[in-house]
Asks: 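Below are the structure tokens for one structure; questions will follow.
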Amino acid sequence: MLDIKFIRDNIDRVKKACRDKNEDADINMLIQIDQERRQFIKEVDSLREKNNKIASEIGELVRSGQDISNLKDEAKAISNQIKDKEQELKELQAKLDLLLLKVPNIPDPSVPVGFNEEQNLDISEYGGKPQYDFEVRDHYFLGEVLDILDFKRGAKIAGSFFPMYKGDGAHLKRALINFMFEVHTLEHGYTEVSPPFLANRDSMTGTGQLPKLENDMYYVESDDLFLIPTGEVPVTNIYRDEYIPEAKLPVKFVTYTPCFRREAGAYGKDTKGLIRVHQFDKVELVKFTHPESSYDEHENLLKDAENILQRLGLHYRVRLLCTGDLSFSAAKCYDIEVWAPGTGKYLEVSSCSNFEDFQARRASIKFKSKATGKSEYVHTLNASGVALPRLVIAILETYQTKNGKINVPDCLKKYFNGKEIIG
RNA sequence: GGAGAGGUGGCCGAGUCGGCUGAAGGCAGCAGUUUGCUAAACUGCCGUAGGGUCAUAAGCUCUACCGGGGGUUCGAAUCCCCCCCUCUCCGCCA
């Protein structure tokens with residue numbers, strides 16, 4: 001969420017951000033309602049002031065035992081006026097809040113303006129596409145043949161796009177989670193957390209999933225809870241409505257969670273295998289930083305996520321998202337895309353985002369600045385470190401052998417009971 | 001699920017029969033005095049948000065906020081209703 005004062009003073013910038021991000025927030029309406037709202041606040045406040053004065057006068061008269069019936073009638077009249085105005089004010093405020101929640105974050109100046117993913121910028125790449133002297137297979141084929149991925153059974157249990165991992169497939173997933181956790185906690189300095197996998201409305205609004213993405217999430221009606229679409233939600237909300245001591249910044253968390261996404265409207269796209277699924281696992285990195293250092297921390301965050309792919313010996317590229325591809329809440333975002341030789345595509349395994357104070361304002365996460373003596377919002381950042389299914393795809397397809405088996409990457413062997421080959 | 005207790009400022013903790021209580025007191029924090037240094041002591045400051053004034057400063061001023069929402073009242077942290085959360089006991093279950 002943006003500061004209403006900031007919007008007031010930067011109407012053109014905000015409008016431009018909406019255009020560049022393809023968001024249709026009604027800024028003119030917002031400004032108009034804000035003006036009306038302030039007018040109402042003025043009126044209501046002055047009525048309240050009057051009423052408070054009368055009330056304390058009455059208090060004094062009562063104590064000295066005098067008659068108060070005249071004053072009482074007057075006060076009653078004002079009190080009724082207040083109630084009416086308050087009601088209208090409340091409606092205005094609700095309207096304003098709703099509009100405000102629909103205004104996207106402003107892209108950082110370093111973000112290229114563009115309409116869609118084709119205008120994303122290639123930043124860097126690691127390794128090269130591996131070459132094979134045999135016909136490469138995709139993970140779907142390999143998974144079925146090796147009996148380590150079972151899509152049919154997953155579909156029977158829950159529905160299509162709920163994959164099941166089995167045997168060495170399930171073990172591979174577990175090994176990857178352990179591997180990533182050890183790197184991020186022991187070497188990159190993140191603190192491990194294991195949060196709830198369901199979250200309430202306040203949490204979902206805090207990180208920006210609500211109100212926009214309600215239909216993309218699984219919802220438990222009886223308890224008004226949502227299954228989390230990413231570990232970012234519970235972990236960023238750890239500090240919702242709290243102050244973080246300035247000296248503790250940056251706070252860095254790593255978490256593992258399953259993620260649940262309805263992918264409404266995405267049918268027909270990436271329909272096969274693990275590329276796009278309703279439930280998947282993710283190791284997620286979340287940072288709370290001082291505003292001054294968030295962009296440095298952003299670069300480090302990217303490196304932390306890249307490090308995982310480098311150790312696994314996977315070819316990938318990093319792209320800077322253009323405005324049109326940038327998510328609603330982000331100011332700047334790098335995507336890491338790993339190469340999947342069998343599928344023949346680069347697959348996004350991590351979005352590395354700086355939200356600046358956008359989420360922090362929504363979720364009210366602050367620190368007391370020693371320099372200014374005032375409360376300020378922290379900056380929040382997150383990145384997958386990294387998402388599992390597409391990582392599994394890249395590993396199966398990259399490390400496949402001529403006879404249809406999979407070599408276990410060196411760095412994973414210790415998490416795989418020393419086993420070197422799957423199949 | 002049943003019975004009970006409770007939710008007050010960064011923390012602890014008072015709040016009388018509803019009326020200068022945004023809220024005593026303590027701790028922590030900040031600034032200063034004292035001190036050769038440290039400790040201690042002393043003095044002052046010390047919630048958040050939204051308006052107004054205004055240079056989007058300081059200051060001044062108003063309003064709201066004592067888990068959330070609603071109600072009673074001229075007036076509620078204090079009374080009533082609903083909800084949420086925490087704790088204890090019982091039941092049930094991993």
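Bear in mind that the values here come from a model prediction, so they are computed numbers and not experimental data. Chain identifiers are assigned alphabetically (A, B, ...) following the order of the sequence lines, protein sequences preceding nucleic acid strands; residue numbering begins at 1 within each chain.
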Asks: When every nucleotide of nucleotides 48-58 of chain B is labelled 5' to 3' by its protein contacts under 4.0 Å (heavy atoms), B for base, S for sugar-phosphate only, - for none, what sequence of letters results?
Replies: SSBSS---B-S
Asks: Does A:Tyr399 have any ring-ring contact (aromatic ring centres under 6.0 Å, His included) partners at least two apart in sequence or in another chain, and if so, which?
Replies: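 For A:Tyr399 there are no ring-ring contact (aromatic ring centres under 6.0 Å, His included) partners, ignoring immediate neighbours.
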Asks: Strictly under 6.0 Å, is that where the ring centroids of A:Phe226 and A:Phe260 end up?
Replies: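 Judged by ring-centre distance (under 6.0 Å), A:Phe226 and A:Phe260 do not meet the cut-off.
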Asks: P atom, B:U72 versus B:C20: distance in rounded Å?
Replies: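 These two P atoms come out 22 Å apart once rounded.
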Asks: How are the rings of A:His188 and A:His184 set relative to one another: parallel (under 30°), tilted (30 to 60°) or perpendicular (over 60°)?
Replies: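 Tilted, since the angle between the ring planes falls between 30° and 60°.
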Asks: Taking atom P in both B:G13 and B:C85, compute the distance separating them and give it to the nearest angstrom.
Replies: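 Between the two P atoms, the distance is 23 Å.
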Asks: If you take the centroid of each ring, where Trp contributes its six-membered ring, are A:Tyr140 and A:Phe151 closer together than 6.0 Å?
Replies: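 Yes; A:Tyr140 has its ring centre under 6.0 Å from that of A:Phe151.
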Asks: For A:Glu86 and A:Glu60, find the nucleotide of RNA chain B closest to each by heavy atoms; which residue's nucleotide sits nearer the 5' end?
Replies: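 On the 5' side of the pair lies A:Glu60.
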Asks: Look through every strand shown and name the nucleotide pairing with B:G18 as Watson-Crick or G-U wobble, where both distances are under 3.5 Å.
Replies: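 Checking every strand shown, B:G18 finds no partner, since no pair has both distances under 3.5 Å.
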Asks: In whole Å, what separates the C1' atom of B:U33 from that of B:A24?
Replies: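 Rounded to whole Å, the distance is 27 Å.
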Asks: Both distances below 3.5 Å, Watson-Crick or wobble geometry, any strand: find the nucleotide opposite B:A41.
Replies: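 Because both required distances fall under 3.5 Å, B:A41 counts as paired with B:U33.
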Asks: Determine the interatomic distance between P on B:G9 and the same-named atom on B:A23; round to the nearest Å.
Replies: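 Here B:G9 and B:A23 have their P atoms 15 Å from each other.
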Asks: Using the C1' atoms only, state how far B:G44 lies from B:C83, rounded to an integer number of Å.
Replies: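 It works out to 44 Å between them.
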Asks: Please list, chain by chain and in numerical order, all residues satisfying ring-ring contact (aromatic ring centres under 6.0 Å, His included) with A:Phe416, sequence neighbours excluded.
Replies: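 ring-ring contact (aromatic ring centres under 6.0 Å, His included) list for A:Phe416, sorted by chain: A:His171.
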Asks: Which whole-number value in Å describes the distance from A:Lys53 NZ to B:C62 P?
Replies: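 To the nearest whole Å, that distance equals 7 Å.
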Asks: Counting only Watson-Crick pairs (N1-N3 plus N6-O4 or O6-N4) and G-U wobbles (N1-O2, O6-N3), all under 3.5 Å, who is the partner of B:U48?
Replies: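 With both distances under 3.5 Å, B:U48 matches B:A64.
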Asks: Using atom P of each nucleotide, how far apart are B:U86 and B:C27 to the nearest Å?
Replies: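 About 32 Å, rounded to a whole number of Å.
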Asks: Do A:Val378 and A:Leu249 have side chains that get closer than 4.5 Å, going by heavy atoms?
Replies: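 Yes, at least one pair of side-chain atoms sits under 4.5 Å.
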Asks: Is the A:Tyr239 to A:Phe288 ring centre distance short of 6.0 Å?
Replies: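 Between A:Tyr239 and A:Phe288, the centre distance is under 6.0 Å.
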Asks: Can you name the atoms? Protein N/O to nucleotides 69-80 of chain B N/O, anything below 3.5 Å, with the distance.
Replies:
residue	atom	partner	partner atom	Å
B:G70	OP1	A:Lys90	NZ	2.1
B:C74	OP2	A:Lys76	NZ	3.3
B:G75	OP1	A:Ser79	OG	3.2

Asks: On the six-membered ring of A:Tyr256, is A:Lys282 placed so that its NZ or CZ lies under 6.0 angstrom from the centre and within 45° of the ring axis?
Replies: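 Geometry flag: not set, cation outside 6.0 Å or 45°.
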Asks: Which base, if any, makes a Watson-Crick or G-U wobble pair with B:C54, both distances under 3.5 Å?
Replies: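 Because no pair has both required distances under 3.5 Å, B:C54 counts as unpaired.
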Asks: Going by ring-ring contact (aromatic ring centres under 6.0 Å, His included), name the residues that satisfy it together with A:Phe181, two or more places apart in sequence or in a different chain.
Replies: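 Partners of A:Phe181 under the ring-ring contact (aromatic ring centres under 6.0 Å, His included) test: none.
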Asks: Checking base pairs now: Watson-Crick or wobble, both atom distances under 3.5 Å. What partners B:G75?
Replies: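 Answer to the pairing question: none, since B:G75 forms no Watson-Crick or G-U pair.
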Asks: State, with a plain yes or no, whether a side-chain heavy atom of A:Glu91 is found less than 4.5 Å away from one of A:Gln87.
Replies: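 Yes. Closest side-chain heavy atoms under 4.5 Å.
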Asks: Suppose we define a pair by two distances each less than 3.5 Å, Watson-Crick or G-U wobble; what does B:G9 pair with here?
Replies: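 Per the H-bond distance test, none.
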Asks: Write down the partner of B:C93 under the Watson-Crick or G-U wobble criteria, each distance required to be under 3.5 Å.
Replies: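 In the structure as shown, B:C93 has no Watson-Crick or wobble partner.
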Asks: Can you tell me, in whole Å, how much space there is between the P of B:C79 and that of B:G19?
Replies: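 Their P atoms lie roughly 11 Å apart.
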Asks: Round to a whole Å and report the spacing from CG of A:Asp223 to P of B:C84.
Replies: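 Roughly 10 Å, once rounded to whole Å.
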Asks: In whole Å, what is the span from the CG atom of A:Asp224 to the P atom of B:C84?
Replies: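 Interatomic distance, CG of A:Asp224 to P of B:C84: 11 Å.
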Asks: Under the side chain to side chain contact (heavy atoms under 4.5 Å, CB included) rule, collect the residues that match up with A:Glu57, sequence neighbours excluded.
Replies: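 Only A:Leu71 meet the side chain to side chain contact (heavy atoms under 4.5 Å, CB included) criterion with A:Glu57.
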Asks: With both distances under 3.5 angstrom, what nucleotide forms a Watson-Crick or G-U wobble pair with B:U88?
Replies: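 By the stated definition (distances under 3.5 Å), B:A3 pairs with B:U88.
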Asks: Could you check how far CD of A:Glu246 sits from P of B:A28, rounded to whole Å?
Replies: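 Rounded to whole Å, this separation is 21 Å.
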Asks: Say we look at B:A14 and B:C84: how far apart would their P atoms be, to the nearest angstrom?
Replies: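 One P to the other, the span is 27 Å.
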